[in-house]
Q: 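I have a structure here, written as structure tokens, and I will follow up with some questions on it.
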Amino acid sequence: MKYEPKEIEPKWQNRWEKSGSFKIDKDDESKEKFYILDMFPYPSGTGLHMGHTESYTASDVFYRFKKIQGYNVLHPQGFDSFGLPAENYAIKTGVKPAETTQKNIATYIEQMKSLGFDYDFNEKVITSDPSYYKWTQWIFGKFFENGLVYKKTQKTNWCSSCQTVIANEQVVDGKCERCGTEIIQKEVPGWFFKITDFSDELIAGLGKVDWPEYTKKNQINWIGKSQGALLKFEIKNSEKYIEVFTTRPDTLFGATYMVLAPEHKLVNELKDEISNWNDVEKYIIQTQNKTELDRMEAKEKTGEKLEGVMAINPATGGEIPIFIADYVLAGYGTGAIMAVPAHDERDFEFAKKYNIPIVEVISGGNIEEKAYTENGELVNSGKFNGMSVEDAKRGITEFVGGKMTATYRLRDWSFSRQRYWGCPIPIVYSPEGEAKMVPEKYLPWKLPEDVDFVPTGVAPLSKSEELKKRVEDIFGQGWTAEYDTMDTFVDSSWYFLRYPDSHNEKEFCSKERLAKWMPVDLYIGGAEHTYMHLLYARFFTKAMHKIGLINFDEPFLKLRHQGMVLDKEGKKMSKSKGNVINPDSMVEKFGADSVRTYMLFAAPLEDEVMWNEDNIVGVRRFLDRIWEFIVKDKERDPEWFKLWLNIDEWNKSKGPTPTSLKILLNKTIKKVTEDMENFRFNTAISQLMIFRNAFYKIDQGDANDIYKTGMESKLSTLITVDDFEKFLILLAPFAPHIAEEIWQEILEHKESIFLQDWPEVDEKYLQDEEVEMVVQVNGKVRDRLMVAHDVTEDEVKETVLESGKVKVFTDGKEIKKIIFVPGKLINIVAV
RNA sequence: GCCCAAAUGGUGGAACUGGUAUACACGCACGACUCAAAAUCGUGUGGCGCAAGCCAUGAGAGUUCGAAUCUCUCUUUGGGCACCA
């Protein structure tokens, strides 16, 4: 019988499914729980891609490992199924998103099964399903009650192609991350989550989770906390004042002008005092017409002086001019700055262009040439002269009645979308226009079906007669519905809370199940979710914690990212390059076990993997040879095989596994176990290969004999069935099908290999009797000798010094020192 | 511009807290089997040299008996942020 993955893999997939091997008892208290979570996919029309395949393989391997170790493991999968592609497809073809989604999910499930991923799809979460989004809406309601969500009209990022508002996190290089269209700023009313209330907690919480350092750092940078001061500048001959945020209050004496963002409220309020209003207005309009991209790419700073108004520097009492300029952003700090050209590069550039005085207040640089932004001693600063920058920050802030404070880069999360295929925002408006939460008994607040998908900039839901009628029936004449839907990132911000109790119709998850299963022990997924999903999910957790819905405030204790899967030249796979590889064709060609094992063997999990079809044969050969060893042997010599299976008989007649092989086996158990725990799957697999190479050695003559005559078994001199089985269990997480096939069909066990115990290391067999010791002279290897593993320095010293190979290098020299590393090396220092 | 990560054979990659550089795999060469090829199996495989040996972990210094690993400077490549006051 040949190794035919195509036959054995579907067979076991079906049997596992039928026997419900993946089913767990979520209330089982007898075993320790382990919750391992995958980032669930968006079910797109193109199917599962290689990135999913790698990440889900890693989690499936780890899940099977933990399961064999005896944990009660929750390892669910679901679908992040709301989103634009299904809607865009509907616009093109008229097929309803709900239908497309259902079809795609079915395909994804088939693909996942074919890779041997052992998910319980009865427990799946589908975010577009009313039984799920009911709870998305319910949680939204709790946030609404507790003031964590609000509506306002403000400039937001507008994608004219997607015809919707998008969040700051979804703008990449000034373009829409989805379609690449340049983002413009548009005044749109919309809903916001108060994520900024949690800025400090979102930073602090990272201290207690086991996440990759760069991911934590990126989140911290994204939140962008900066310490500084709020200072007030009075406007001459006016009650009004300008408040600025600065990280450098110590340089206040050098502030020689001020800048307001063109959108700043005060600009309009000062209209009557501004003598060049026409020019100012022109500049404001110019700014409005710029896209994010234009503004970012501007080579030279521009601005317009507000003629006729002056501000007072509160430190010096001097009058300083006020400008508007688009290098000052309305959305950050107070939307206004004090400009200190001597010590800020941007202000320096602007001051040079507009001939504004540059006053040095920190010594140490040459401000004739460029701004000096380093530390130094204060000068030209009255009584603060001679003070250090750090001391002066507080001192000067207090001196002018300012306030030390922090500002953040993070903005509130704008989650309204003017699109159809998303979770409806469960809000209705009274005839007076007041927003009210839809009462709980009307949840799920269903997405209407009688809509026109074609985007016109007006939310598609506004065209639904059914929704209009529904609102009037329930709330009365004059009441209207909220037509926006939620950003799909809302759906994925809490889905991990649903899996432990996915069928609960009364709660999003029962208290008991939450207490038992949360938080997630291990989360695996791509690093591209650092800013959005991971930040939003942490915000949801903290917000739900704050209002008492859950009793923990970090959702994911341990996080690991898989690297990208590239083509064999190291290029990103993309449709346009035509280099996309699909997992189905790989499974078809090499079998799921080979795909899984190669995926993890090719590179460390967190690194990029270059998918090279030519190399996967190595892994396939590894599995072929295991098959050859055991299955072919059984066929060639059934009698002998029967004897081998009976371990007692075998030991009597042939003896146990040779000691050297036994030691290698125990080293292998140790290394594979440790590597698994540390996600070093690539080296775990290579250790399994090393062991296989050792127990399966045949020589040339035998190989040809086997080929020609099908002669007797080669099992005789090597491994016993007990030890072979240990090896098979170590292999099982990676290549579950072949392992199960051999376990049950060839070794004739009644019970699944996944119900066995993980092999334990036998400490007796960890130490080789003899080891090779390296002999160095002055740090260079000159000789090697076999010695007892516990040999002492005195025992080998003589031999080593007498060795001819050593003498050549020590003759005529004085031996100054001997360095001895037990069991490893002896180094003779000779001068 | 700022921050982060990386650089090891022809290729993907090993090397745990400084201690045998190149495990494992691909590829390649030669051989066995074959009429032949494929598959399979075996042997070899960093470079230079007949050899003893010398040189090799992006480049250059340093610390050390000993450096891929630690320190400094630089180069290149990825990734992220970017007028954030």
Side-chain angles (χ1 to χ4, degrees), chain A residues 172-173 212-215 217-218 220-222 224-226 228 244-248 251 259 261 295-298 301 325-329 331-340 344-347 349-350 407-410 527-528 530-531 564 568 570 598 601-604 606-619 621-622 624-625 628 671 674-675 678 680 682-690 692-693 697-708 772-781 783-784 805 808 816-821 824-831:
Chain A
V172 179
D173 291 337
E213 281 308 313
Y214 71 93
T215 308
K217 210 161 241 168
N218 283 342
I220 290 169
N221 287 345
W222 188 266
K225 181 174 187 172
S226 43
V244 302
F245 173 75
T246 176
T247 54
R248 295 297 303 275
T251 62
V259 186
R295 207 160 152 166
M296 266 172 8
E297 281 175 349
K301 296 206 168 9
D326 66 6
Y327 82 92
V328 171
L329 309 173
Y332 185 77
T334 60
I337 62 160
M338 66 177 213
V340 185
D344 182 283
E345 282 165 20
R346 296 153 300 178
D347 299 346
E349 188 194 331
F350 193 83
T407 296
Y408 303 84
R409 205 190 89 112
L410 185 69
E528 68 274 16
T530 301
Y531 302 107
M564 250 192 289
K568 65 172 158 188
Y598 176 63
F601 175 66
E606 65 279 8
D607 289 7
E608 293 170 340
V609 183
M610 290 180 202
W611 187 263
N612 190 337
E613 250 187 70
D614 302 329
N615 287 353
I616 190 173
V617 298
V619 164
R621 286 208 270 255
F622 166 63
D624 266 329
R625 288 159 177 171
E628 163 79 19
K671 175 141 181 70
E674 285 170 2
D675 283 352
N678 294 302
R680 293 194 297 251
N682 56 330
T683 48
I685 293 164
S686 80
Q687 184 64 37
L688 290 170
M689 288 173 167
I690 289 169
R692 193 220 62 93
N693 290 345
K697 275 247 179 259
I698 61 176
D699 56 42
Q700 183 69 77
D702 289 344
N704 291 332
D705 287 347
I706 290 170
Y707 175 77
K708 269 196 292 208
E772 189 180 69
M773 178 161 281
V774 165
V775 182
Q776 296 183 334
V777 178
N778 294 333
K780 294 207 167 186
V781 181
D783 201 1
R784 295 154 203 268
K805 289 190 183 172
V808 175
K816 285 195 110 176
K817 197 162 40 161
I818 292 178
I819 286 146
F820 181 77
V821 183
K824 279 197 169 153
L825 147 154
I826 182 162
N827 184 15
I828 295 150
V829 185
V831 196

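Protein chains get the first letters and strands the later ones, always in sequence-line order, with residue 1 at the start of each.
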Q: With a 4.0 Å cut-off on heavy atoms, is A/E674 in touch with a base, just the backbone sugar-phosphate, or nothing at all?
A: nothing
Q: Compare side-chain N and O positions of A/R680 against OP1 and OP2 of B/rC16 and report whether any pair is under 4.0 Å apart.
A: no
Q: So what's B/rG18 paired with, Watson-Crick or G-U wobble, going by both distances under 3.5 Å?
A: none
Q: Tell me, please, whether A/Y408 has A/K225 positioned over its six-membered ring: NZ or CZ under 6.0 Å from the ring centre and within 45 degrees of its axis?
A: no
Q: In terms of relative ring orientation, are A/F245 and A/Y332 parallel, tilted or perpendicular, with 30° and 60° separating the classes?
A: perpendicular
Q: So what's B/rG60 paired with, Watson-Crick or G-U wobble, going by both distances under 3.5 Å?
A: B/rC72
Q: Please check the phosphate of B/rC41 (OP1 and OP2 only) for any side-chain N or O of A/R625 closer than 4.0 Å.
A: yes
Q: Which listed nucleotide (B/rC24, B/rA14, B/rC26) is nearest to the side chain of A/S686?
A: B/rC24
Q: For nucleotides B/rU73 and B/rC2, find the distance between their P atoms and express it as a whole number of Å.
A: 14 Å
Q: For RNA chain B, whose closest nucleotide is more 5', that of A/F601 or that of A/Y531?
A: A/F601
Q: Side chain of A/F245: nearest nucleotide among B/rU20, B/rA85, B/rG80?
A: B/rA85
Q: Are any of A/S226's side-chain N or O atoms less than 4.0 Å away from OP1 or OP2 of B/rA85?
A: yes
Q: From B/rG13, B/rC83, B/rC4, pick the nucleotide closest to the side chain of A/P604?
A: B/rG13
Q: If the cut-off is 4.0 Å, is A/N693 near the phosphate of B/rA25, judged by side-chain N/O to OP1 or OP2?
A: yes
Q: Please report the closest heavy-atom contact between A/N682 and A/F601, naming both atoms and the distance.
A: CB-O, 3.6 Å
Q: For B/rG31, which nucleotide in any strand shown is its Watson-Crick or wobble partner with both distances under 3.5 Å?
A: B/rC41
Q: For atom C1', what is the distance between B/rU22 and B/rC30, given to the nearest Å?
A: 23 Å
Q: Between A/L825 and A/V609, name the one whose nearest nucleotide on RNA chain B is closer to the 5' end.
A: A/V609
Q: Show the numbers, then the answer: is there a side-chain hydrogen bond (donor to acceptor under 3.5 Å, both in side chains) between A/N221 and A/Y531?
A: CA-CA 10 Å; A/N221 287 345; A/Y531 302 107; over 6 Å; no
Q: Show the numbers, then the answer: is there a side-chain hydrogen bond (donor to acceptor under 3.5 Å, both in side chains) between A/T530 and A/N218?
A: CA-CA 7 Å; A/T530 301; A/N218 283 342; 5.0 Å; no
Q: To the side chain of A/K217, which of B/rC16, B/rC3, B/rG12 is closest?
A: B/rC3
Q: Rounded to the nearest Å, what distance is computed from the CE atom of residue A/M689 to the C1' atom of nucleotide B/rG13?
A: 12 Å
Q: B/rA67 pairs with which nucleotide, Watson-Crick or G-U wobble, both distances below 3.5 Å?
A: none
Q: Look at the rings of A/W611 and A/Y598 and say which category their plane angle falls in: under 30° parallel, 30 to 60° tilted, over 60° perpendicular.
A: perpendicular
Q: When you get a sec, tell me which of B/rA25, B/rG12, B/rU20 is the closest nucleotide to the side chain of A/R784?
A: B/rU20
Q: Between A/K568 and A/D614, is there a salt bridge with N-O shorter than 4.0 Å?
A: yes
Q: Taking the P atom of each, how far is B/rU69 from B/rG18, in whole Å?
A: 12 Å
Q: Figure out the CG/P separation between A/L410 and B/rA82, and round it to whole Å.
A: 13 Å
Q: Under 3.5 Å, side chain of A/R409 to main-chain N/O of A/W222, donor-acceptor pair present?
A: yes
Q: A/L329 side chain: which of B/rG13, B/rA85, B/rG19 is closest?
A: B/rA85
Q: Measuring from the side chain of A/Y327 (C-beta onward, heavy atoms only), which nucleotide among B/rG80, B/rG12, B/rC83 has the closest atom?
A: B/rC83
Q: Which of the following nucleotides, B/rC26, B/rA25, B/rG19, is nearest to the side chain of A/N615?
A: B/rC26
Q: Using Watson-Crick or G-U wobble geometry with both distances under 3.5 Å, which nucleotide pairs with B/rC48?
A: B/rG53
Q: Which whole number of Å gives the distance between the C1' atom of B/rA14 and that of B/rA25?
A: 11 Å
Q: Which value, in whole Å, describes the distance between the C1' atoms of nucleotides B/rU20 and B/rC74?
A: 31 Å
Q: NA contact type, A/N682, heavy-atom cut-off 4.0 Å: base, sugar-phosphate, or nothing?
A: sugar-phosphate
Q: Can you tell me the pairing partner of B/rA5 across any strand shown, Watson-Crick or G-U wobble, with both distances under 3.5 angstrom?
A: B/rU77
Q: I'd like to know if the side chain of A/N827 reaches the main chain of A/G779, judged simply by a donor and an acceptor atom lying under 3.5 Å from each other, with no hydrogens or angles considered.
A: yes
Q: Which value, in whole Å, describes the distance between the P atoms of nucleotides B/rG31 and B/rA37?
A: 11 Å
Q: Does the side chain of A/R621 get closer than 4.0 angstrom to OP1 or OP2 of B/rC26 through an N or O atom?
A: yes
Q: Using the P atom as the point on both nucleotides, what is the distance between B/rC24 and B/rU57, in whole Å?
A: 22 Å
Q: Roughly how far apart, to the nearest Å, are B/rA52 and B/rU75 at atom P?
A: 42 Å
Q: In the structure shown, which nucleotide is the Watson-Crick or G-U wobble counterpart of B/rA25, with both distances under 3.5 Å?
A: B/rU11
Q: Under the rule syn = chi within 90° of 0, otherwise anti, which is B/rG9?
A: syn
Q: Among the candidates B/rU20, B/rA14, B/rA85, find the nucleotide nearest to the side-chain atoms of A/V774.
A: B/rU20
Q: Taking OH from A/Y408 and C1' from B/rA85, how many angstroms apart are they, rounded to a whole number?
A: 16 Å
Q: Nearest of B/rG12, B/rC4, B/rA85 to any side-chain atom of A/Y332?
A: B/rA85
Q: Between the protein and nucleotides 62-71 of chain B, which nitrogen or oxygen pairs are less than 3.5 angstrom apart?
A:
residue : atom : partner : partner atom : Å
B/rC65  : O2   : A/N827  : ND2          : 2.3

Q: Is it true that, when you exclude A/E606 itself, more than 12 heavy atoms of the residues, nucleotides or ligands shown sit nearer than 6.0 Å to its CD?
A: yes
